[in-house]
Every structure is written in structure tokens, then in C-alpha cells.
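What follows is one structure encoded as C-alpha cells, with my remarks underneath.
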2 protein chains.
Amino acid sequence: MPEILRTVGSIARALDSIANREFQQVSLTKGQYLYLARVAEHPGIIQERVAELLKVDRTTAARAIAKLTKLGLLEKRADPQNKKIRRLYVTASGADIYPLVKRENDYSNAHALRGFTSDEASQLADLLARVDANVAQDWYDVKSGKQREY
Amino acid sequence: MPEILRTVGSIARALDSIANREFQQVSLTKGQYLYLARVAEHPGIIQERVAELLKVDRTTAARAIAKLTKLGLLEKRADPQNKKIRRLYVTASGADIYPLVKRENDYSNAHALRGFTSDEASQLADLLARVDANVAQDWYDVKSGKQREY
DNA sequence: GTACTTTTGTTGTATTTACAACATAAAATT
DNA sequence: AATTTTATGTTGTAAATACAACAAAAGTAC
């Protein structure tokens with residue numbers, strides 16, 4: 001069984017460091033770019049769902065989103081049907097910054113795939129999507145308190 | 001150009017959450033398992049090198065290793081040739097815990113690859129290794145202060 | 001051999017992150 | 001309809017993480 005965990009971790013941390021450095025230019029602190037991008041791409045999403053997309057703790061997402069809201073990049077709107085949830089949207093300022101985030105992401109993605117044929121790249125994307133689905137299941141289980149058995 | 005960044009990030013965060021939960025049982029706090037494993041597998045490594053393997057900041061690695069040393073799981077030894085560096089080794093207690101870390105890693109890796117043929121799995125590993133090499137280059141550049149040009 | 005640069009390590013500080021515990025609306029069960 | 005369970009959100013707290021700035025040993029260039 002080949003090892004993929006560590007390689008995935010290494011790639012993810014490297015890309016995240018790079019992105020965080022880059023976004024200091026627009027006064028985004030660590031990790032904030034993730035939330036801004038997800039809300040921009042899923043208008044009306046609620047924070048619980050953002051946490052699941054990103055696989056971060058609910059309270060982490062809550063605080064990141066609270067901060068972005070305070071900074072005026074995101075806004076929360078009440079839902080007419082459901083008094084519990086608050087739907088998320090980018091503000092005008094958020095919409096100004098989003099293209100920078102998108103551009104950096106695209107650039108990093110392209111660089112990560114340097115030397116790949118388009119067949120190889122789409123093969124990789126497919127395989128990763130399957131891994132993601134597998135791992136998401138385990139993540140939900142563990143987050144909801146299930147005990148692992150070896 | 002297919003998207004792999006986000007999928008990689010999602011997989012990495014999910015696996016890391018799961019591992020961190022698991023290792024609370026042996027009183028390892030967030031991220032510590034990474035350092036213990038790397039030192040166990042590279043006896044005599046220095047912390048600068050550990051940071052590069054993991055793609056974390058030097059000071060983060062320094063503090064994590066300091067803590068593991070204080071906990072008695074790792075030890076630092078002087079090098080006879082070089083007064084600046086401190087070589088890292090697992091202690092007896094560290095060696096006791098390492099197999100648990102290894103087992104969890106192997107288990108998670110196997111679960112992440114559920115439903116993969118061995119051809120698919122090794123193909124994925126190869127493609128990821130290439131991405132890792134690409135991204136490592138960018139990481140070194142950014143960490144050493146190089147400016148990106150779009 | 002002296003000056004300069006790089007490597008390795010540390011400390012101060014601001015910030016994110018996660019867990020636990022709580023609150024309340026919504027949904028499901030009886 | 002009342003009760004129980006789940007979903008969503010918040011706050012308190014402990015800890016990791018990264019950047020900036022510093023120190024000192026090692027390596028390099030003249």
C-alpha cells in the first residue's frame with residue numbers, strides 16, 4: 001500500500017503557507033482566504049456547511065466568518081423561513097478581493113501541476129476526488145463522536 | 001486545468017483532524033504526532049530539516065520539538081563536529097508511542113484508498129510525488145522571501 | 001585572517017484553531 | 001401536543017502557528 005497521507009499533508013501545508021503569505025498584501029490573516037472563497041462561490045451558504053466543505057471545526061469556521069463579517073468582507077442575512085440560520089454573502093468589498101484569491105489559487109494550481117499532461121492532471125483530480133469522498137466519511141464519523149476500531 | 005488544490009486541502013485537514021482526535025488518547029496535542037513520527041523515522045535529524053519535511057515554519061517546528069523534548073518523548077544531542085546543531089532522537093517513551101502513530105497512519109492511509117486497485121493507488125502516489133516536488137520548490141522560494149510574479 | 005553571508009536556533013507577540021459546554025430553534029417521535 | 005433529538009450557533013479556554021527580530025556558529029570570499 002503506497003503512502004499518500006504524508007505527501008498530501010506536505011502539499012497542503014506548502015500551498016497554504018504560500019497563499020497566506022500572498023494574502024497579507026490584502027490584509028487577510030491566516031486561513032481567511034478559504035472562507036471568503038467558499039462564500040463567494042456559494043452565495044447563501046450557512047457557516048455549518050462552510051465548515052464541512054473545508055473540514056474545519058464548526059467553531060473555527062464561526063470565528064473566521066465572524067471576523068470577515070466584522071471586516072466588512074462578508075455579511076450574514078436572516079432567512080425568512082428559518083430563524084436559526086444566517087445566510088452568508090460577500091459584500092462589495094469582499095467581491096473586490098475575491099478575484100485576487102481566485103487568481104492566486106489558479107496560479108498555484110497550475111504551478112502544482114507543472115509538467116503534467118492534461119490526461120495526467122484529470123486522472124489525478126479523479127483519484128483525489130475518490131480519496132476525498134472516503135476521507136470525508138471518516139471525518140464525519142469521528143466528528144460526530146464515533147470511536148474507531150482497529 | 002482541473003482543480004486539485006482544494007481537494008488536497010480538504011483531504012489533508014480531514015486526516016489531520018482525525019489523527020489529532022485519536023492521539024489525545026496518548027496525550028499528544030495538535031500536530032505533535034507529525035514531529036514524533038518524523039524524528040522516529042529519521043534518527044539524528046535536526047529541527048530545521050523536520051520543518052522542511054513537514055513544510056511548517058521553523059519556529060513552529062522548534063516549539064513543537066521543544067515541547068516533545070520536555071515531555072520526554074524526544075531528546076536533543078549535541079553533535080561532536082558542529083556546535084550549532086542539535087540532533088534529534090526518540091527516547092524510550094517516544095519509541096513506545098511511535099507504533100501507535102504508525103498504526104493510525106497506516107489505517108488512515110488504507111481507508112483513504114478504499115476501493116482503489118493497487119495500480120490506481122500507486123499511480124496516485126506517483127502523481128502526488130510530482131506535485132509535491134513542484135510545490136516544494138515554490139514553498140522554498142516564498143519562504144526565502146522571493147516575490148511571486150503573475 | 002578578516003569581513004560577509006548563510007545556517008541554525010531562540011524569544012516576543014498576534015492570531016488561529018479546536019474542544020467543551022452551553023443555548024435555542026427546528027425536526028422527529030411518541 | 002408534549003417530549004426527545006438533532007441542527008445551528010455562541011463563548012470560555014488552552015494550545016499551536018507564523019512572523020519579526022535577534023543571536024551565534026559555520027561557511028565563503030577576499
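Every chain is numbered from 1 and lettered A, B, ... according to where its sequence line falls, protein lines coming before strand lines.
Listed nucleotides: D:dT10, C:dA26, D:dT13. Nearest to the side chain of A:Arg63: D:dT13. Looking at the side chain of A:Arg49, the nearest of the listed nucleotides D:dT17, D:dT8, D:dC19 is D:dT8. Checking C:dA20, D:dT17, C:dT11 against every side-chain atom of A:Thr59, the shortest atom distance belongs to C:dA20. With distances taken from any side-chain atom of B:Arg21 to the nucleotides C:dT17, C:dT10, C:dC19, the minimum falls on C:dC19. Among D:dA18, D:dT10, C:dT8, the nucleotide with an atom closest to any side-chain atom of B:Glu48 is C:dT8.
Residue order along DNA chain D, read from the 5' end via each residue's closest nucleotide, puts A:Ala62 first among A:Ala62 and A:Ser17. Both A:Arg87 and A:Lys30 lie near DNA chain D, and the one whose nearest nucleotide falls closer to the 5' end is A:Arg87. Nearest-nucleotide mapping onto DNA chain C: of B:Ile85 and A:Lys143, the residue sitting toward the 5' end is B:Ile85.
With hydrogens and angles ignored, no donor-acceptor pair under 3.5 angstrom links the side chain of B:Lys84 to the base of D:dA26.
Taking atom CG of A:Leu28 as the reference point, atom P of D:dA18 lies 17 Å away to the nearest angstrom. D:dA18 atom C1' lies 17 Å from atom CZ of A:Phe23, rounded to whole Å. Note: CG (B:Leu54) to C1' (D:dA18) measures 15 Å, nearest angstrom. Taking atom CG of residue B:Asp79 and atom P of nucleotide D:dG27, one finds them 10 Å apart after rounding to whole Å. For the pair B:Gln47 CD and C:dT11 P, the interatomic distance rounds to 11 Å; values are reported in whole Å. Following rounding to the nearest Å, A:Leu71 (CG) and C:dT15 (P) show an atom-to-atom distance of 11 Å. Atom OH of B:Tyr140 and atom C1' of C:dT6 are 16 Å apart (whole Å). With rounding to whole Å, A:Glu22 atom CD is found 16 Å from D:dA18 atom P.
Between A:Gln81 and C:dA26 there is no side-chain N or O to OP1 or OP2 distance below 4.0 Å. Distances shown here put a side-chain N or O of B:Tyr35 below 4.0 Å from the OP1 or OP2 atom of D:dT17. Between D:dG9 and A:Arg58, no contact under 4.0 Å exists linking OP1 or OP2 to a side-chain N or O. OP1 or OP2 of C:dT10 sits under 4.0 Å from a side-chain N or O of B:Lys76. Contact annotation: B:Lys67 side-chain N/O to D:dA16 OP1/OP2 distance is under 4.0 Å. A:Gln32 has a side-chain polar atom (N or O) that falls below the 4.0 Å cut-off from OP1 or OP2 of C:dT16. OP1 and OP2 of C:dT17 both lie 4.0 Å or more from every side-chain N or O belonging to B:Arg13.
Atom CD1 in B:Ile4 sits 11.5 Å away from atom CG in A:Leu127 (nearest 0.5 Å). Summarising the geometry, atom CG belonging to B:Leu54 is positioned 5.5 Å from atom OH belonging to B:Tyr35; distances are rounded to the nearest 0.5 Å.
Taking a cutoff of 4.0 Å between a charged side-chain nitrogen and a carboxylate oxygen, A:Asp138 and B:Arg114 qualify as a salt bridge. Using a 4.0 Å cut-off between a side-chain N of Lys or Arg and a carboxylate O of Asp or Glu, B:Asp106 and B:Lys102 qualify as a salt bridge.
Within 4.0 Å (heavy atoms only), B:Thr29 reaches sugar-phosphate atoms of the nucleic acid but no base atom. Contacts of B:Asn20 with the nucleic acid, taken as non-hydrogen atoms under 4.0 Å apart, are absent.
Counting only distance, with no hydrogens or angles, the side chain of A:Glu120 and the backbone of A:Thr117 share a donor-acceptor pair below 3.5 Å.
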(request) Tell me, with the steps shown, if A:Arg63 and A:Arg58 meet side-chain contact (heavy atoms from CB on, under 4.5 Å). (result) CA-CA 9 Å; A:Arg63 282 184 160 121; A:Arg58 300 151 23 107; over 6 Å; no
